[in-house]
Amino acid sequence: MTLSVKVGGLKLRNPFILASGILSHGSLLKRAAGAGAGAVVTKSLTLEPREGYPTPALVAFEGGFVNAMGLPNPGCEEYLRTDLPLAKEGKVPVIVSLAGSHEGEFERMAVLAADAGADALELNLSCPHAEKRGLELGQDPAIVRKIVRRVRSCTSLPIWVKLGLCDSLIDSALACQQEGAQAVVAINTLRSMIIDVDARRPTLSNLFGGLSGPALRPVAVRCVFELYEKLSIPIIGSGGVMGWRDAVEFMLAGAAAVQVGSAVAIKGLQIFRELCDGLGAYLKKEGFSSPTNLVGLAHR
Ligand code: RRO
């Protein structure tokens with residue numbers, strides 16, 4: 001039984017990918033690979049270094065987490081010089097996440113990432129609390145088209161586009177497909193808020209943040225299901241996968257691979273072995289020879 005899948009221009013030893021932003025340092029990405037991840041995605045990078053928002057930037061609640069980290073990163077060039085080589089020592093594909101503010105920035109960073117040895121790019125067009133980046137761009141299919149077209153013109157690397165919940169999700173995804181993206185990642189966190197009833201104030205310094213974890217999963221599964229009906233490029237599911245059953249749910253909805261984020265924060269990196277063992281046993285018991293055989297089965 002092999003768990004290997006071909007998805008979005010990459011061959012992965014299993015369909016479980018460390019989501020962006022969970023682990024930043026290159027040595028931690030290497031460790032995630034050692035723990036069994038099929039691929040790893042870097043923290044989203046910007047052209048200039050960013051400190052991120054002041055604390056509190058992360059709050060846990062019964063449904064998962066709400067974060068407003070604010071894109072902390074040392075800047076694209078510095079990260080690619082110091083962290084990417086370490087991450088690549090893990091010997092699984094390293095997908096570099098880019099969070100530019102316009103197509104020119106995406107182009108510059110895409111060229112830098114390609115030169116530095118990235119295996120694929122993930123364009124983050126979906127952070128729900130980043131001013132003039134993220135979802136502010138991704139919810140406009142015309143802007144999405146412009147960015148993907150520009151990045152497509154400057155690199156032959158596989159392009160994945162991470163989209164978020166918005167009314168135009170399908171149209172933005174179709175724009176990605178038409179402009180030559182190899183995969184769509186759905187979805188990012190949901191714009192949300194937690195209020196501290198003792199302090200009688202919003203908990204996060206940024207007031208609003210992105211909801212991740214189990215509470216997000218049914219929304220993300222629905223988005224993947226709807227995207228699968230319209231797209232011919234692969235969809236990578238993301239949102240609240242805590243165990244192998246959740247991953248299978250995303251695949252049945254139409255995901256060719258699955259990203260894992262909050263579960264790493266809650267259960268640690270052992271989640272990757274747990275997912276592989278659980279999926280392998282399920283495929284064997286149900287008589288499937290590959291994870292690919294599950295993709296979209298809930299649409300029958
Ligand atoms: O850094 C963040 O605050 C962040 C990003 Br870039 C994102 O895409 N999604 C998220 O929940 N947080």
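One-based numbering, in listed order, for ligands and for the atoms of each. In what follows, residues are counted from 1 in the order of the sequence shown.
For atom 5 (C) of ligand 1, the nearest protein heavy atom (residue, atom name, distance) is Cys127 SG, 3.3 Å. Closest to atom 9 (N) of ligand 1 among all protein heavy atoms lies Asn188 OD1, 2.9 Å. Protein heavy atom nearest atom 12 (N) of ligand 1, with residue, atom name and distance: Asn67 OD1, 3.0 Å.
Under a cut-off of 6.0 angstrom, the local environment of CD in Glu77 is sparse, with at most 12 non-hydrogen atoms contributed by other residues, nucleotides or ligands. No more than 12 heavy-atom neighbours from other residues, nucleotides or ligands sit within 6.0 angstrom of CD on Glu48.
Under a 3.5 Å cut-off, the side chain of Ser172 and the backbone N or O of Leu169 do not form any donor-acceptor pair.
The shortest N/O to N/O separation between Met69 and ligand 1 falls below 3.5 Å.
Aromatic ring pairs are classed by plane angle as parallel below 30°, tilted from 30° to 60° and perpendicular above 60°; the pair Phe288 and Tyr282 is parallel.
Atoms CZ and CG, from Arg31 and Leu18 in turn, are 12.5 Å apart once rounded to the nearest 0.5 Å.
Of all the heavy atoms of Leu71, the ones lying under 4.0 Å from any atom of ligand 1 are found in both the backbone and the side chain.
Close approach of ligand 1 to Thr189 (heavy-atom distance below 4.0 Å) involves ligand atoms 9 (N), 10 (C), 11 (O). For ligand 1, the atoms sitting less than 4.0 Å from at least one non-hydrogen atom of Asn124 are 6 (Br), 7 (C), 8 (O), numbered in the order shown with element in parentheses. Each of the atoms 2 (C), 3 (O), 4 (C), 10 (C), 11 (O), 12 (N) of ligand 1 lies under 4.0 Å from some heavy atom of His129.
For the ligand labelled ligand 1, residue Gly70 lies inside the 4.0 Å heavy-atom shell. Using a 4.0 Å cutoff on heavy atoms, Arg133 does not count as a contact of ligand 1. For the ligand labelled ligand 1, residue Lys162 lies outside the 4.0 Å heavy-atom shell.
Side-chain contact check for Ser212 and Ser262: at least one donor-acceptor pair (N or O, by modelled atom type) lies under 3.5 Å.
In this structure, Ser205 and Tyr53 approach most closely via the heavy-atom pair OG-CB, 4.1 Å.
Partner of Phe106 under the side chain to side chain contact (heavy atoms under 4.5 Å, CB included) criterion, chosen from Val148, Asn124, Leu121, Leu98: Leu98.
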